[in-house]
Q: 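This is the structure, below, for whatever I ask next.
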Amino acid sequence: MYVHGEAWTIKELFVLPNEYIYWSIQIVMYPFMTGLVAGAFVLSSLYHVFGIKQLKEMARFALVFSFALLPVAMLPLQMHLQQPQRGIEVFMTPHFTSAIAAFGIVFSTYGAIVASEIWFVYRKHLVRTALALRNRANKRISEKIQSLIFNALTLGVYDISERALHQDEKAVKVLAGIGIPVACFLHGYAGFIFGSVKANALWMTPLMPVIFIMSAIVSGIALCMLTYIVVMEIRKFLAARKNAARLTHQTKEEIKGIEINVIKMTAKYLLFFLIFAISLELLDLIFRGYTAVKTWDILRSVIYGKDFTDIFILQYGVGNLLPFILFLLPGLTVRRTLIGVILVLFGVFMMRWNVVIGGQSFSLTFAGFMHYHLPIIPDSIETFKEGLFGALLVFATPFVLFWILNKVFPVFGIEESH
Amino acid sequence: MITRRKFLKNTIAGIAGLALPAAGAEIVSPRKLFAARNDTISGPNVRWAFLVDTYKCVGCGLCVKACKLENEVPYDANVTRTWVERYVLTKDGRIHADSPKGARDGFTTSKIDLGEGRFHDIKKEDIDKAFFVPKLCNQCENPPCVQVCPVGATYQTADGVVLVDRKWCIGCGYCIMACPYGVRFFHPVYHVAEKCTFCYHRITKGLKTACVQACPFGARMVGNIKDPNDPVSRIIRTERVSVLKDEYGTRPQVYYLGISREVI
Ligand code: SF4
Ligand code: SF4
């Protein structure tokens, strides 16, 4: 027998008996992960829809990564449920006055769009690989399985004539076009889940969905850049080794050239969306202070007092201002970018933290506070799921998925896809 | 090409299929099922309401104790369906308030509980006024907790009481977040959302709620607001009563006599 929330909540002054921090680290992870999904997709669409050529390298990469992130957007929600085995009810008996109920529909629509877009992008590659494998004589077991997978993935369509490929390209464009509003919806709607809780003085603002979308795009771009840099470094390392040379057609210097160009281009978009995100957040803050309604007293003591370090030092300072300067200083290098994007990711994470945990750090009485202590060493399933290791598990999953997906949809080294 | 078009079509059909079961959920709305039962006091002429006379409350906590036992909320768990708050207003204009253990054991000391094991002692001569306020679920006419439940596990009965279906709640906690009165929590044994039900199992059989029955001073009353002769209904109509946090638009149905503006 345990009271949910008691393990990590410390109450100070006048707090109601049933108040605890009910939404903990996994609910911080939920908007953080969906944000990455949406952001990565928007980044890939910039190329497909608006034809921003410089993003070509990044676009394919971002698309596959967004797909790898997708299941992980659901994982934290599932992990925070008290009755995880009943989670499926949200799909089976959605109660549509609830913001969470639409999750199933929005999520599966989005998933279908990303999946079909990937399919069109990789169709030529899939067909070629499938045919090559099929025609190979004396197949080993592993090749047989591979052949089965690739042939299944073609969905029985083997037409890769000029005309068909042209049609594919069109389909990709349309899907990417529809995908942008859907991705924004997927995430803006995560913002709505919080923004519409009228009982919570910090959450309730119509700006919440927009703020969430902007910071989502920022984080998505940052994560793509981070992974891109890491992957490119590995490839450089491989290219440098003679025996690995045949794995790639490029030399180390060539890779380096492409890398810094792509990074510089993407960094511009990152900055652009970062400015948007910060402006909106500051607008919200200034508006609250200026209108100073009844709840402002307690909010002020949270924002400028209890959570000052989390909000102003870690989120705005380390997470926003510092990377901003790093990106703007002339002569951007890969290493500086790497530090920059890690800080940006951290900043967006802190923003989610300050919304979710910050929103529960004061009592409904407006006269008391609650402090959250993240469980580190788990002593029960509860403190594992809603503790440091649960969060790390959620964060690590997309990378594993990406690694697996990359085997079927190689992000680098094929010229087939556009 | 046709194959591909088919593929897209199937995808769309698949998504539409996911939405279909929602229609099924409408047909067996628990609210309608409850309304259809006729062995209980409910139906169009009943709307349960509660009246708290704060002048009469002495903060003994017998109601909290009775509620925990009646509704099987573990006695020592730090959650409770109903609780009593103490407000002490001092001459320097400050408000001191607390509710240690929800006042399960009453207020045994004049020291104010500040949490984290700290206490604040107030001298008698510094006090302007002091009083107790019992709290419970307001069985809101427009309940945000019902609105936000993603699976419809929490619902409002035809006679106005908001209940939770323990077999259907997924334990997402959204309703807990949405209630402006902090009355909801997770049941320590069943791990689903839990709240005050006005002792629905009792009132629908003509009994009083456990807390009303336990209060030796008559500070709590439950009644049918639609019955003009009901004492609760009469007091609400003829005397000056107020409700809590009106500004949230929840239309709460727990009425208070003698509440002060400091009470939130
Ligand atoms: S007081 Fe809270 S739990 Fe009770 S009906 Fe109103 S919103 Fe729901
Ligand atoms: S905790 Fe249960 S009753 Fe509350 S919103 Fe979630 S599913 Fe509904």
Side-chain angles (χ1 to χ4, degrees), chain A residues 1-6 10-20 22-23 77 80-84 86-87 89-101 103-105 108-109 112 115-116 119-120 155-157 159 164 167 171 193 196-200 360 363-368, chain B residues 1 3-4 7-8 11-12 14-15 18-19 21-22 24-25 74 77-80 83 85 95-99 101-103 114-116 135 144 146-153 168-174 176-186 188-189 191-193 247-249 264:
Chain A
M1 187 191 86
Y2 59 87
V3 173
H4 183 256
E6 205 175 24
I10 291 187
K11 299 183 177 186
E12 184 191 347
L13 300 173
F14 183 30
V15 178
L16 299 178
N18 297 332
E19 280 186 290
Y20 291 98
Y22 286 102
W23 280 2
L77 279 184
H80 107 281
L81 293 185
Q82 291 292 293
Q83 302 287 343
R86 295 184 189 161
E89 287 174 12
V90 177
F91 294 87
M92 303 319 275
T93 59
H95 178 239
F96 280 113
T97 56
S98 165
I100 295 184
F103 183 84
I105 292 163
S108 36
T109 311
S116 23
W119 187 70
F120 281 119
L155 301 178
V157 187
D159 177 8
Q167 297 271 16
I193 290 178
S196 63
V197 176
K198 62 183 167 189
N200 193 304
Q360 297 173 81
S363 166
L364 288 166
T365 62
F366 302 143
Chain B
M1 282 320 294
T3 324
R4 255 179 292 164
F7 166 66
L8 282 182
T11 320
I12 291 164
I15 294 163
L18 273 177
N78 288 318
V79 282
T80 176
W83 68 95
E85 294 168 5
I95 308 166
H96 309 267
D98 68 349
S99 181
K101 275 202 169 286
L114 299 180
E116 299 171 285
K135 294 229 176 135
V146 170
Q147 182 188 30
V148 302
C149 178
V151 296
W168 207 249
C169 169
I170 60 173
C172 65
Y174 205 9
I176 304 178
M177 292 292 138
C179 171
Y181 306 94
V183 309
R184 286 177 170 253
F185 54 95
F186 281 126
V189 176
H191 303 296
V192 288
E247 66 274 20
Y248 286 98
I264 10 181

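Numbered from 1 within each chain, the chains take letters A, B, ... in sequence-line order.
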Q: Which heavy atom of B:Ala178 sits nearest a heavy atom of A:Ala199, and at what distance?
A: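 Closest approach of B:Ala178 to A:Ala199: O-CB, 3.5 Å.
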Q: What pairs with A:Glu12 under side-chain hydrogen bond (donor to acceptor under 3.5 Å, both in side chains), at least two apart in sequence or on another chain?
A: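 With sequence neighbours excluded, A:Glu12 shows a side-chain hydrogen bond (donor to acceptor under 3.5 Å, both in side chains) to A:Lys306, A:His371, given in chain and number order.
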Q: With chain A, which of B:Pro180, B:Ala153, B:Gly115 has the greatest number of heavy-atom pairs at distances under 4.5 Å?
A: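 Most pairs with chain A among the choices: B:Pro180.
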Q: Check side-chain hydrogen bond (donor to acceptor under 3.5 Å, both in side chains) between A:Asn200 and all other residues, then give those that pass, not counting sequence neighbours.
A: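 With neighbours one apart ignored, the set is empty.
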Q: Sort A:Val197 into side chain, backbone, both or neither according to what part of it lies under 4.5 angstrom from a heavy atom of chain B.
A: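 Contact with chain B involves the side chain of A:Val197 alone.
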Q: How close do B:Trp168 and A:Glu89 get, counting heavy atoms only, and between which atoms?
A: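 Closest approach of B:Trp168 to A:Glu89, heavy atoms only: O-OE1, 2.5 Å.
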Q: Tell me, for B:Ile170 versus chain A, whether the close heavy atoms (under 4.5 Å) come from the side chain, the backbone, both or neither.
A: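 For B:Ile170, backbone and side chain are both near chain A.
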Q: Search all heavy atoms of B:Pro150 against all heavy atoms of A:Ala101 and return the closest pair with its distance.
A: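 Looking at all heavy atoms of both residues, the shortest contact is O-CB, 3.7 Å.
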Q: Which answer fits A:Ser196, side chain, backbone, both or neither, if we ask what part of it has an atom under 4.5 Å from a heavy atom of chain B?
A: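 Side chain only.
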Q: Relative to chain B, which segment of A:Glu6 carries a heavy atom at a distance below 4.5 Å: side chain, backbone, both, or neither?
A: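 Contact with chain B is through the side chain of A:Glu6 alone.
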Q: Let's test your reading of the structure: which of B:Lys135, B:Lys101, B:Glu85, B:Met177 forms the most heavy-atom pairs below 4.5 Å with chain A?
A: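 Maximum pair count with chain A is reached by B:Met177.
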Q: At a heavy-atom distance under 4.5 Å, which candidate from A:Thr365, A:Leu81, A:Val15 has the highest pair count against chain B?
A: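 Looking at each option in turn, the highest pair count goes to A:Leu81.
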Q: For the CZ atom of B:Phe185 and the OH atom of A:Tyr20, what is their distance to the nearest 0.5 Å?
A: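 Taking CZ in B:Phe185 and OH in A:Tyr20, the distance rounds to 10.0 Å.
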Q: Does any backbone or side-chain atom of A:Leu16 lie under 4.5 Å from a heavy atom of chain B? Answer side chain, backbone, both or neither.
A: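 Contact with chain B is through the side chain of A:Leu16 alone.
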Q: Over all heavy atoms of both residues, which pair between B:Ala77 and A:Val3 is shortest? Give the atoms and the distance, please.
A: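 Closest approach of B:Ala77 to A:Val3: CB-CG2, 3.8 Å.
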Q: Side chain of A:His80, backbone of B:Cys172: donor and acceptor closer than 3.5 Å?
A: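 It does hold such a pair.
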Q: Please look at A:Ala99 and chain B and tell me whether the side chain, the backbone, both or neither of the residue comes under 4.5 angstrom of a heavy atom of that chain.
A: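 Looking at A:Ala99, backbone and side chain both touch chain B.
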Q: Could you tell me whether a side-chain N or O of B:Asn78 sits under 3.5 Å from a main-chain N or O of A:Pro17, the two making a donor and an acceptor?
A: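 Not confirmed, B:Asn78 side chain does not pair with A:Pro17 backbone.
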Q: If only atom types and distance count, is the side chain of B:Tyr174 paired as donor or acceptor with the main-chain N or O of A:Ile193 below 3.5 Å?
A: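 Pair found, side chain donor or acceptor close to backbone of A:Ile193.
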Q: If every non-hydrogen atom of A:Asn18 is compared with every non-hydrogen atom of B:Arg184, which pair is closest and at what distance?
A: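 Minimum heavy-atom contact is CB-O, 3.6 Å.
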Q: Locate the shortest heavy-atom distance separating B:Ile264 from A:Phe366; write the atom from each residue and the value.
A: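 Reported closest heavy-atom pair: CD1-N, 4.3 Å.
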Q: Hey, are the side chains of B:Ile95 and A:Phe14 touching, using non-hydrogen atoms and a 4.5 Å cut-off?
A: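 Side chain of B:Ile95 against side chain of A:Phe14, heavy atoms only: no contact under 4.5 Å found.
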Q: Where on A:Leu13 is there a heavy atom nearer than 4.5 Å to chain B: the side chain, the backbone, both, or neither?
A: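 Both backbone and side chain.
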Q: Return yes if some donor-acceptor pair links the side-chain N/O of B:His191 with the main-chain N/O of A:Gln82 below 3.5 Å, else return no.
A: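 Side chain of B:His191 to backbone of A:Gln82: no pair is present.
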Q: What residue, out of B:Gly249, B:Cys169, B:Cys179, has the most heavy-atom pairs lying under 4.5 Å from chain A?
A: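 Answer, by heavy-atom pair count under 4.5 Å with chain A: B:Cys169.
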Q: Quick one: of B:Gly102, B:Gly171, B:Gly182, B:Ala193, who has the most non-hydrogen atom pairs under 4.5 Å with chain A?
A: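 When all of B:Gly102, B:Gly171, B:Gly182, B:Ala193 are compared, B:Gly171 has the most.
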Q: What part of A:Lys198 lies closer than 4.5 angstrom to a heavy atom of chain B: side chain, backbone, both or neither?
A: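 It is both, since atoms from each part get that close.
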